[in-house]
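Worksheet for the structure shown next.
Throughout, protein chains are lettered first and strands after them, A, B, ... in sequence-line order, and every chain is numbered starting at 1. Side chains included, hydrogens not; waters and symmetry mates left out as well; all remaining heavy atoms used.
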Amino acid sequence: MAKSVLVDLTRCIGCRGCQVACKEWNERVARKTIFRGDYSNPVRLSSDCYTRIRFEEKEEASGPVWSFVKEQCLHCKNPACVSVCPVAALTKTENGPVVYNYDRCIGCRYCMVSCPFQIPTYEWDSARPWVQKCSFCSERIKDDLVPACIKVCPTTTMFYGEEGEVMLEARKRLQDNPDKYVPHIYGEKEAGGTAWVYISSVPFEDLNFRMDVPQVVLPDLTWAYISKVPALFGVVFVAGVTGWVITRRIDAASKEDQS
Amino acid sequence: MTNHWIDLRNSDVILIMGSNAAENHPISFRWVTEAQERGATLISVDPRFTRTSAKADLYAPLRSGSDIPFIGGMINYILQNDLFHREYVRLYTNGPFLINEEFKMPGDLDGIFSGYDSEKRKYDKKSWAFQTNGDGVALQDPAMTNPMCVLQQMKKHYARYDMETVSSITGTPRDLLEKVYSIYTATGKPDKVATIMYAMGWTQHTVGTQNVRAMAIVQLLLGNIGRAGGGVNALRGESNVQGSTDHCLLFHILPGYLRTPVASLPTLEEYNTQATPTTKEPLSANWWSNYPKYSVSMLKAFYGENATRDNDFGYSWLPKLDDGQNASWLMIFHEMMKDKFKGFFAWGQNPACSGSNAGKVRQALAKLDWMVNVNLFDNETGSFWRGPGVNPADVKTEVFFLPCCASMEKEGSITNSGRWAQWRYKAVEPAGESWPDSEIMNELYFRVRTLYEKDGGAFPDPIVNLSWEFGPKDSQGKVTAVDTHLIAKEINGYFLEDKEIKDTLYKKGSLVPSFAFLQDDGSTSSGNWLYCNSYTDKGNMMARRSTEDPSGIGLYPEWSWCWPVNRRIIYNRASVDEYGKPFDPKRAVIEWNGEKWVGDVPDGGWPPLLNPDGTPNPKSMKGFIMKPAGVAHLFGPGLADGPFPEHYEPLECPVQENPMNKSHRINPTAKLFFEEGGDGKSEDVFYTCDTRYPYVATTYRVTEHWQTGVMTRHLPWLLEMMPQLFVEMSIELAAEKAIKNGDKVRVSSGRGEVLAYASVTSRFKPFKIMNSTVHQVGLPWCFGWQYPEDGSGGDSANLLTPTIGDANTMIPETKAFMVNIEKV
Amino acid sequence: MKNNHEIKLMTPFTLFLLLVIGLGGVLAVYRLVNGLGASTNLNDDFPWGLWIGFDLLGGVAMAAGGFLIAGAVHLLNMKKYKPIVRPAVLTAFLGYLLAVVALILDLGQPHRIVYPAVMWQVHSIMWVVAMHVIFYTMTLGVESSPMLFEKLKWQKAVDFVNKIIVPVVLFGVMLSVLHQSSLGAVFLIVPGKLSPLWSTTFLPYLFLASSVMMGLSMVSIESIASARSFNHKMNYEILNGLVRGCIIALLVYLVLKLYFLVTGPGVGAAFAGTMEANMYLLEMVGGIILPLAILAGRNRKTEGINAMVTGHVLVIGGVLLNRLNVSISGMYGFQNATGTTYWPSTIEFVITLGLIALGIFLFKLWAKYLPLFPGTEVN
Ligand SMILES: Nc1nc2c(c(=O)[nH]1)N[C@H]1C(S)=C(S)[C@@H](COP(=O)(O)OP(=O)(O)OC[C@H]3O[C@@H](n4cnc5c(=O)[nH]c(N)nc54)[C@H](O)[C@@H]3O)O[C@H]1N2
Ligand SMILES: Nc1nc2c(c(=O)[nH]1)N[C@H]1C(S)=C(S)[C@@H](COP(=O)(O)OP(=O)(O)OC[C@H]3O[C@@H](n4cnc5c(=O)[nH]c(N)nc54)[C@H](O)[C@@H]3O)O[C@H]1N2
Ligand code: SF4
Ligand code: SF4
Ligand code: SF4
Ligand code: SF4
Ligand code: SF4
Ligand SMILES: [Mo]
């Protein structure tokens, strides 16, 4: 019953209704920005901006290609951020969202380091800062409401539903329009699979998607080590003890020779 | 819109030209996207690559101000390659009509049509008429081969707009032109349909009306009007601008597009006769023949009991224009500049930023004795006296600010682009001391009336005789609380006495079911005949919310209400053949089932033109019932600047002379505010093809802001996304001027200058115009000096725009003018 | 009361130390009051900086000497190293304390430092690390307690500790081995971000190996330094032994590094000329190959003290650089994709220096008042 979202970039008109709706629902303040030449603003997700539209402009032989890319937490199925949190302040809820509980957070920021998509952000300006990121509107989902950004989208860019049906829809769209979409569901394999997946008519690398994200369940990488910890403990213990016994024997032996 | 938003999904080819729907009508893309999913082709034609272009299957650039060549070329393409819907053109347009032999065209007269008077800059339209038989019926050639028939004349006129010529004027690469033409004109077949979504990119030109006319011609030739997924769709702007236009926002019309009386028509009789068209055409319903019923019913709504047959129903109380007087937007400030106004209500507007040549507007405001700003917020208009470069001490104008409620703080209707009047409930209590506009007007009316009653005055009658039955009244007869429903009902209209029509009795005081029942004898009232049927004894039609769609083509007949008489697609009688069978059964709008029309509300219930056996049906009527001849105008003698659209350059343009002719660079009938070669001191100065201002410029909107930004610059969330004024330019031009992305630049025109951030982008490209490179830049006009407080947003792009308007509507030419840019 | 008269406390150097400590202290308070944004150059793209990369990772690696020497003496019975057990353990102890202080300053919610002890999350390597720190600091406390007890003449306590010392040391060794490697494991989850020059599933063991040579070098430098400043005579037997150990560790580490370079990104990657590549080369050449050459090639007749010093210093620098590379430089390419950059703020630098100064000062204090060096024991 985990919720999932298909972001069909071919449908997005870059109106940024979602960006505002998110701010409104999550009561995030605006920050002072300047126009730097392209429409994307603010320049990056922040503790006051859980989602934003990235305007990607490319020049092709056929003319300009202008794409609008929605950024937010992808709510990985096996989230690195959750696995690394030493105090379980981040958790993956069974209905999809990866949520944050500031009652536990110690502020080590390992979650930020570990996220392959650079999603969690920090309240740097605060003396008692918290981690901030898209919550998949988990409170709304609990009440059977559609997440705010999805609700306001005029073009239904985001197909929202149960994990299974969303993946089916994604595959269906790729199959039905092979010459429209690039054959890649971003998030199907990335980071071992994410709850928010993307399809696009422009190759994802041209849209500055992270192509270096490992296609494995990231927490497994650490677990491979952690699971060995007890064994390692044992090895060192045995080695230590035997070392002690042997060296003592030798020592005793040498004493006898002298006498 | 002839059609409506949802109907966009029915289209096969959608041309978005002269508008940027994705950014300015985001919700339209719900339906555009649906159409595309269905396999429709989206074409975007715009000087720059927009968020709309980004979604289009085909994008073609063109230089601002060159749409008539572009569309003229398409007309030529259709006629040369015989791609038009012959049956449609023969049945429903004046294509077969024979024009007078004296009629001459720009091809023959070097840029003008016959009858031009260069003194008055006006046409004598005598020669723009049809050949008629003895009893005044226009002669026709159903084969449309007669050289004088409209179709042939049109073919001759547009033969001059061949690909080469067009491409050299518009700067659109030939191959792209050809692509657009072939894709769009492929919909001339009965089972294919295309639509046009346009807005200010077309209208804000000295040839604005003709831009739209040109496209209407294309749609008629291809048989796309009246059809589901077709039509000519103006994407209206302010949420209720359609409603306010219907209710006479503009100076030359009264509610329901009745004409504003002029001084030379002193009596109602003369007024009605002059306004009521007559026709000899046998099959023409000539709906406007009902004009007197509508004008009289309107007067009864205005003046109630006081309007009697003996006093011409109060006709003499209506304000009159001097003959030929132009009282449009530009004129208001032009006259204000000359001290012709004492006071001014800036009611729900911000001319100090929205008015073309805003610098002039700001000066003009200082000539007033008083100004009242009725608005949600103070704005650059209300605070003009402390604006940049203004010394408050030098301003004598006394400014009053009346805070008023926002739309969600009051009840009422708004009419959207699709002509749907939708009722809205009050969502929240008004903030602070703000009042609904209606209450402000009520107070104003009562005070003014009391003064007139007390002190008399020059002409009290129009005020003291007004009927003002909008709610319970106190002892002095003042309405204590305005009831919007009563206003809506008065707009619909009442029976003022018991009336028997088609042997049913309508009781005095009951609401008129539809305008077919309105009378010219004073027995009915109707504030706006077009809205008669919107609020009947069945209830408030505008508040309906049924999501039933029996049509299957998205008409949703019981969701809100739509004028006229809930007809969702107008001219729908043109969507069927002579037998009443839909041209395209898959997307039938209406169909004749043997005894009546089924589907949408038809343009009149008359039977089809032919009986099943193929014999003509004398009881039938032609579909375009608002036209005297019952057919649509391919040849349109109604307009000021010619029966066929002809290319004229904008007031300020990059070329020495009009590529289409030697003698008439700009629209010969456009009103000039400043004679070329003048001293250049006038605030109306312009510089065309002048090295000081070498770049074509245009102005436009962004999704993130609303209009002059008064409602959005206060919203930090929106400001965060679009913080400052910017100017978009091509990489090539930026390189020439050593400007980098994000640099601060000065943009200047003959009238003023603004500072903006440079957006250097591949979305603007240099144009090849008449074998020379022409650069274009563009800026949004949503900023103003007052907010954000620190002035970081920049000022209005209208400090640059010229004082000139369209020859027919006087809408300012804010889409094409010349500027210079330099790095600061 | 008897104390170590050769050690003069109030030298100009000490005053300088105190100055730096004072400065660091003040800024530490500033950081706690005004938050991370105000005091560091950390940002959403670079959530970790100098304090984690240098103070924590580096500090802990430096402390490796503690478990190595203690282990050698108490478990493997290498008596000859007995004289340096105490300084080694003390350095480890101080190293850890300082690492913890740095961590506290780096945490967004410093007062919650103890939460992990209560809120377990066994999947988090960070949690594992936290647990180690807690236990190992205790262990080190026990290991260094005799010095205090002796000073206080609590003979019973001394005897007791001496009785349990072997198991305690064993426990310490176990913890350390895991801990040193766990810090490497912290970066197992970012293969996409961390340049392949460093990123490998074997990272924990590389951290362990490098901590060994680092630890030995630290101890060596220490004994040389204290021998000089507290003027006792050098014990070349010990120093040469340490060098030998160091060389072996270096060799092992070098082989491993090369193996993972070749099997990983390939030798070419190291010469790509990118910032990462250059950092990697610096680390390899300056931190491993060069010191290896110097230490191995030193002239035994002249006892080559200077060669030793240079060699060990290079090793220490090399490993510190490695930690910074893994935690910052190695991820630079990925993290500044959005254009953001990171260079530590002055405050970050000064506080780091303050912590180092504090370490040296405490060591000196300890050396003066507590029986740290052979001959200063009170029996
Ligand atoms: N977000 C938002 N939506 C709005 C508004 C708003 O302010 N903000 N305003 C509302 C109002 S009142 C209106 S009237 C509508 C206006 O809706 P639009 O007409 O879509 O608005 P504009 O952006 O002024 O102009 C549209 C396009 O015309 C292009 N253009 C400029 N010159 C020419 C030309 O010569 N030929 C052609 N073919 N195109 C040209 C511009 O590049 C621009 O992309 O929008 C309404 N919707
Ligand atoms: N350069 C350039 N200039 C242009 C255009 C362009 O494309 N380019 N477009 C033109 C067009 S299409 C238009 S429509 C005009 C618009 O020109 P304006 O109408 O003058 O500009 P707006 O900013 O829409 O002003 C509307 C005002 O009404 C206020 N308001 C909102 N709701 C209410 C209400 O319920 N009651 C009252 N009393 N006030 C309310 C708002 O705060 C705002 O100040 O601008 C024109 N000017
Ligand atoms: S995207 Fe990053 S923050 Fe979001 S769930 Fe995955 S790892 Fe966690
Ligand atoms: S910063 Fe908070 S949420 Fe993130 S890992 Fe550390 S404790 Fe967990
Ligand atoms: S899901 Fe909710 S929190 Fe996440 S981006 Fe959308 S609106 Fe914002
Ligand atoms: S609301 Fe929908 S269309 Fe608009 S920017 Fe967001 S995703 Fe794109
Ligand atoms: S009015 Fe609002 S809802 Fe309608 S299209 Fe514009 S932004 Fe969307
Ligand atoms: Mo408008």
Next on the checklist: Rounded at 0.5 Å granularity, tell me how far CH2 in W717(B) sits from CZ in R28(A).
Outcome noted: 10.5 Å
Next on the checklist: Assess whether a salt bridge exists between K765(B) and E59(A), defined as any Lys/Arg side-chain N lying under 4.0 Å from an Asp/Glu carboxylate O.
Outcome noted: yes
Checklist entry - Rounded to the nearest 0.5 Å, how far does OG1 of T52(B) lie from CD1 of I13(A)? => result 7.5 Å
Item to check | N41(A) side chain reached by P723(B) side chain, heavy atoms, under 4.5 Å | outcome: yes
Checklist entry - Under a 4.5 Å heavy-atom cut-off, does chain B meet the side chain of E24(A), its backbone, both or neither? => result both
Checklist outcome for this item: When the 4.5 angstrom heavy-atom criterion is applied to T33(B) and chain A, the contacting part is side chain
Item to check | chain A contact via E34(B) - which portion, at a heavy-atom distance below 4.5 Å | outcome: neither
Next on the checklist: So for S53(B), is it side chain, backbone, both, or neither that comes closer than 4.5 Å to the heavy atoms of chain A?
Outcome noted: neither
Item to check | Atom group of D57(B) that falls short of 4.5 Å from chain A, counting heavy atoms | outcome: neither
Item to check | Nearest heavy atoms of P154(A) and I27(B), plus distance in Å | outcome: CB-CD1, 3.8 Å
Next on the checklist: Is T703(B) in contact with chain A via its backbone, its side chain, both, or neither, using a 4.5 Å heavy-atom distance?
Outcome noted: side chain
Checklist entry - In terms of heavy-atom pairs under 4.5 Å, which option from Y757(B), Y59(B), W31(B), F49(B) contacts chain A the most? => result F49(B)
Checklist entry - Which bit of Y39(A) is near chain B, if near means a heavy-atom gap under 4.5 Å: side chain, backbone, both or neither? => result both
Next on the checklist: Testing R52(A), K23(A), R31(A) one by one against E720(B) for a side-chain hydrogen bond (donor to acceptor under 3.5 Å, both in side chains), which residue passes?
Outcome noted: K23(A)
Checklist entry - Most heavy-atom pairs under 4.5 angstrom with chain A, which of S762(B), A54(B), P716(B)? => result S762(B)
Checklist entry - Looking at NE2 of H25(B) and SG of C15(A), how far apart are the two atoms once the value is rounded to the nearest 0.5 Å? => result 14.0 Å
Checklist outcome for this item: Here the pair of heavy atoms bringing M721(B) nearest to V20(A) is CE-CG2, 3.2 Å
Checklist entry - Can you tell if the side chain of W66(A) reaches within under 4.5 Å of the side chain of K55(B), non-hydrogen atoms only? => result no
Next on the checklist: Using heavy-atom distances under 4.5 Å, tell me whether E37(B) contacts chain A through its side chain, its backbone, both, or neither.
Outcome noted: side chain
Next on the checklist: Looking at K180(A), I want to see if its NZ is surrounded by more than 12 non-hydrogen atoms of other residues, nucleotides or ligands under 6.0 Å.
Outcome noted: yes
Checklist entry - Counting only heavy atoms not in K151(A), do more than 12 fall under 6.0 Å of its NZ? => result no
Item to check | Distance, nearest 0.5 Å, that separates OG1 of T155(A) from CZ of F29(B) | outcome: 9.5 Å
Checklist entry - Going from CD1 on I34(A) to CZ on F726(B), what distance comes out if it is rounded to the nearest 0.5 angstrom? => result 14.5 Å
Item to check | Pairs of heavy atoms under 4.5 Å with chain B: top-ranked of K32(A), E57(A), R11(A) | outcome: E57(A)
Checklist outcome for this item: Per-residue tally against chain B (heavy atom, under 4.5 Å) across C153(A), S67(A), G14(A), G63(A) peaks at G14(A)
Item to check | Under 4.5 Å from any heavy atom of chain A - which part of L719(B) | outcome: backbone
Checklist entry - So what's closer than 4.5 Å to chain A heavy atoms on A22(B): side chain, backbone, both or neither? => result both
Checklist entry - Does NZ or CZ of R763(B) lie under 6.0 Å from the centre of the six-membered ring of F55(A), at an angle within 45° of the ring axis? => result no
Item to check | Interface moiety of T157(A) toward chain B, non-hydrogen atoms closer than 4.5 Å | outcome: neither
Next on the checklist: Looking at K77(A), I want to see if its NZ is surrounded by more than 12 non-hydrogen atoms of other residues, nucleotides or ligands under 6.0 Å.
Outcome noted: yes
